[in-house]
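Below is one structure, written out as structure tokens, with a few remarks after it.
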Amino acid sequence: MNYLDNLNAQQYQAVTTVSGPILVLAGPGSGKTRVLTQRIAFLMKEKDIPAYAILAVTFTNKAAREMQDRIEDLLGESVQGSMWLGTFHAVCARILRRESALLPFNNNFVIMDADDQVTLIKRIIKELNLDEKMYRANSIHNQISNAKNNLQFPADVSRSNYREETLFRIYEKYQSSLEKSNAVDFDDLLLWTWKLLKDNPEVRERYARRFQHVLVDEFQDTNTVQYQLLKSLSSYHKNLFVVGDEDQSIYRWRGADYRNILLFEKDFPDHVKILLEQNYRSTQNVLNAARCVIDHNTNRTPKNLFSDRGAGDKILYYEAEDDRMEARYVVETIDRMTENGNAQGGDFAVLYRTNAQSRLLEDAFLYRGMPYRLVGAQRFYGRREVKDMIAYLRVAYNPLDEISLTRVINTPTRGIGDKSIQNLRLAALESDKPLGEVLLDLGRFGPESVFWPEMGRGALPLADFGANVLEWNTMAAANESITALLDKIILLTKYQQYLKADDDDEQDRWANVEELRKMAYEYEERGLAEFLQNLALVSDQDTITENNNAPTLMTLHAVKGLEFNRVFIIGMDDGLLPHNRSLDDPEEMAEERRLFYVGITRARNHVTLVRAEQRMAYGVPDITIPSRFLTYIPDALIMQGNAPSILPGKSTRSSRTSPSGSRWESTPSWANRALSQLGKQTTSRGSESAMPSQRVASCKFAAQDNVTHPLWGEGTILESRIEDGEEIVQVQFKTAGMKKLIVSLSKLQKTA
DNA sequence: GCGTTACATATTTTT
DNA sequence: TATGTAACGC
């Protein structure tokens, strides 16, 4: 394929308009990645722009990698190492390492992830003797993060009342703690880069001259500092090419502001604006449903997405009696579809609003013995044991990293309790030395150390641990292999025994440690520094592996940018989607709609919306209300009956059936239920009869019978027949249109 | 200092 | 539910 092939008129314009600011509003599935990659190839091949003069920013590492692959494919040459292509955070980390001479940390800084940040904030709240209930670490973390995203260092935040003053004190302490540990957090990567470019015109000039072209993916998800960075980095050549879709902005809570699109139009009045409206992914029905959802949002450029893929299937809606059945419905449907060869596992995505919803799905998949892959949730890097190991490596690399040191100083327990740590802190403070240095001194000199006497009972354990750290640090400094270092750490800390003694997940936990060791092995040549530096910037989305032919389970957030043949969106309940926390804020509600919109538009061919009438909430069953979003989708787009994939299988499958006597087997003929539930519509509540009927042998209704239904009102029977012992009728309702119903479940009454 | 237990507590999304 | 914290006893 060539770099100008397969482009429609708008795409072509986007690829070949070389200079000046360009705004591309790209609907879902409209080929924006194609535009970005082919544009880069075009710039290089046709306009002789060298790779090093191009900066391309993406939202995830995965997107960056994909883009790189496609560019290299087009060019037939590698751009690795020459072109700047990566996430905002990765690009900023790169700049900061190069320019560290101008910054309050050196170029081996470590990057703290969100967990580390919260832990640190908790510690600070304690140290400041603040009420932990009044000042919740998570909330403070958010506030600090917001401040940073809005270009505020501690000195810049408002301090007009006591609370703000307190926040300031925490923020200040937090920031100096990071500095002491030669660490930065996620937000710092952006903030410091922004400050660097602002305070040092010659540095800004250098980068701005270098980057003749700056390209940005997912522009709608940029926040203030990111937008300022983009302006700064493109300030010389002004060739800023941004691609985005305000309808897919789903990171508001993280400071992302789709209004940056409006800002862009204002800041660059001479920009070229291009709309990509042809969708190459979905069928028209999917697009229409999506549009019905997003049209409820205001303040947006209306887009008319169209597809030449035909109308396709309607949206399928299913209402399960509870969340367990909801999961089971999804799994059984997938099972049936894959079993009869209509689909394969990899065709499916199951999407949900909150990670907690994945659990029941996992249960159901496991129970059926079906494979699945889960994105996110308990992220690998978030696992306690993995974090422990990383912290150990960080301590080995830099014993002065106080944050990591305090994490592992007594994990596994080694007799260094709060009191000992306090003593250590005190000694550090008095001698004006970092914590790690005092510890190393104890390790090096033992009882001869000047600090020994003040350490009281903890002296020996501290000295022992100090000696360990010294040993690891020596290994790290001598550039010994990371795996050797890890092995030494595991040996000296008896970490495996520690996990064994712990609990029943020992197997899993140890497997995770081994997994980390494997990853470390791949960094054998690049070394510990690079390994540690890269760890923090890896995200859940990056762990999505290809070629694994199993259904994918993930949040609506995680699915952005992906596509699947068939998409389930579960938890279509008010309070889940839209989420409770969004109900009272119109902006938040708009974001929930976008989230739903993103979910729908992932589907190439088919969307199934699922909800549960009853759902466990903190262990208590709760009656739910159907999502208000369901009402956005007109009946004409929703499929009522006729779900061939979930028709009751006449033959019970011999393989992979549940063990008899199980709780599931005790529920009679679930599959029949699945079909019959299709007759029940959106607004029905738990009051409806849940039990399947006894088998019937004769029809209660006949064609031409006039009937009435509690929800759909009056209608006329078109057809009635018996299927699998259930009477199925087709009814033409006066206002609600044609529906297929299961008589035994549908509260259908004959009228005179 | 450590481990157990009882109790409280809060539950979105993540580079 | 599941996670963290406070309190207690060793």
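Reminder, nothing fancy here: chain letters follow the sequence lines and each chain counts from 1.
- Contact annotation for A/D187: no contact, since no heavy-atom pair falls under 4.0 Å across all strands.
- Using a 4.0 Å heavy-atom distance criterion, A/K122 is classed as a sugar-phosphate-only contact.
- Note on A/S582: nothing from the nucleic acid sits closer than 4.0 angstrom, heavy atoms only.
- Using bins of under 30°, 30° to 60° and over 60° for the plane-to-plane angle, the ring pair A/Y251/A/H557 lands in the tilted bin.
- When rounded to the nearest whole Å, the span between CZ of A/R65 and C1' of B/dT15 equals 14 Å.
- For B/dT15, the OP1/OP2 oxygens have no side-chain nitrogen or oxygen of A/N223 closer than 4.0 Å.
- Across all strands shown, A/N410 has heavy atoms under 4.0 Å from sugar-phosphate atoms exclusively, and none from any base.
- Under the 3.5 Å distance criterion, the side-chain polar atoms of A/Y352 are matched with a main-chain donor or acceptor of A/M554.
- Listed nucleotides B/dT12, B/dG3, B/dG1 differ in distance to A/T413; the shortest reach to its side chain belongs to B/dG3.
- Distance CD (A/Q226) to C1' (B/dT15): 8 Å, rounded to an integer number of Å.
- Remark: A/D185 engages A/K148 in a salt bridge, criterion side-chain N to carboxylate O under 4.0 Å.
- Donor-acceptor pairing under 3.5 Å, judged by distance alone, is present between the side chain of A/R353 and the base of B/dT12.
- The nucleotide whose nearest atom lies closest to any side-chain atom of A/K419 is, among B/dG1, B/dT15, B/dT14, B/dG1.
- In this structure, A/H579 reaches the sugar-phosphate backbone alone: every heavy-atom distance under 4.0 Å involves primed, P, OP1 or OP2 atoms, never a base.
- One interatomic measurement links the two molecules: OH of A/Y258 to C1' of B/dT13, which rounds to 18 Å at whole-angstrom precision.
- With A/R97 contributing its side chain and A/F109 its backbone, the two residues share a donor-acceptor pair below 3.5 Å.
- Following rounding to the nearest Å, A/D113 (CG) and B/dT15 (C1') show an atom-to-atom distance of 11 Å.
- Remark: C1' of B/dT12 and OH of A/Y352 are 13 Å apart, rounded to the nearest angstrom.
- With rounding to whole Å, A/N355 atom CG is found 19 Å from C/dT1 atom P.
- Relative ring orientation between A/F211 and A/W84 is described as perpendicular, the plane-to-plane angle rising above 60° on a 0-90° scale split at 30° and 60°.
- Across the protein-nucleic acid pair, A/R123 atom CZ and C/dT5 atom C1' stand 18 Å apart, rounded to whole Å.
- Taking the nucleotide of DNA chain B with the nearest heavy atom to each of A/E591 and A/I421, the more 5' of the two is matched to A/I421.
- Stacking annotation: A/W253 is stacked on the base of B/dT13 (ring centroids less than 5.5 angstrom apart, interplanar angle below 30 degrees).
- Spacing between C/dG4 and B/dT13 at atom P, rounded to whole Å, works out to 15 Å.
- Residue contacts for A/R594: at a heavy-atom cut-off of 4.0 Å it reaches no nucleic acid atom on any strand shown.
- Checking A/G417 against A/T555, the closest nucleotide of DNA chain B that is more toward the 5' end is the one next to A/G417.
- In this structure, A/N297 CG and A/E591 CD are separated by 10.0 Å, a value rounded to the nearest 0.5 Å.
- Comparing B/dT14, B/dT15, B/dG1 by their nearest atom to the side chain of A/T87 picks out B/dT15.
- We find that CE of A/M589 is positioned 17 Å from P of B/dT12, with the value rounded to whole Å.
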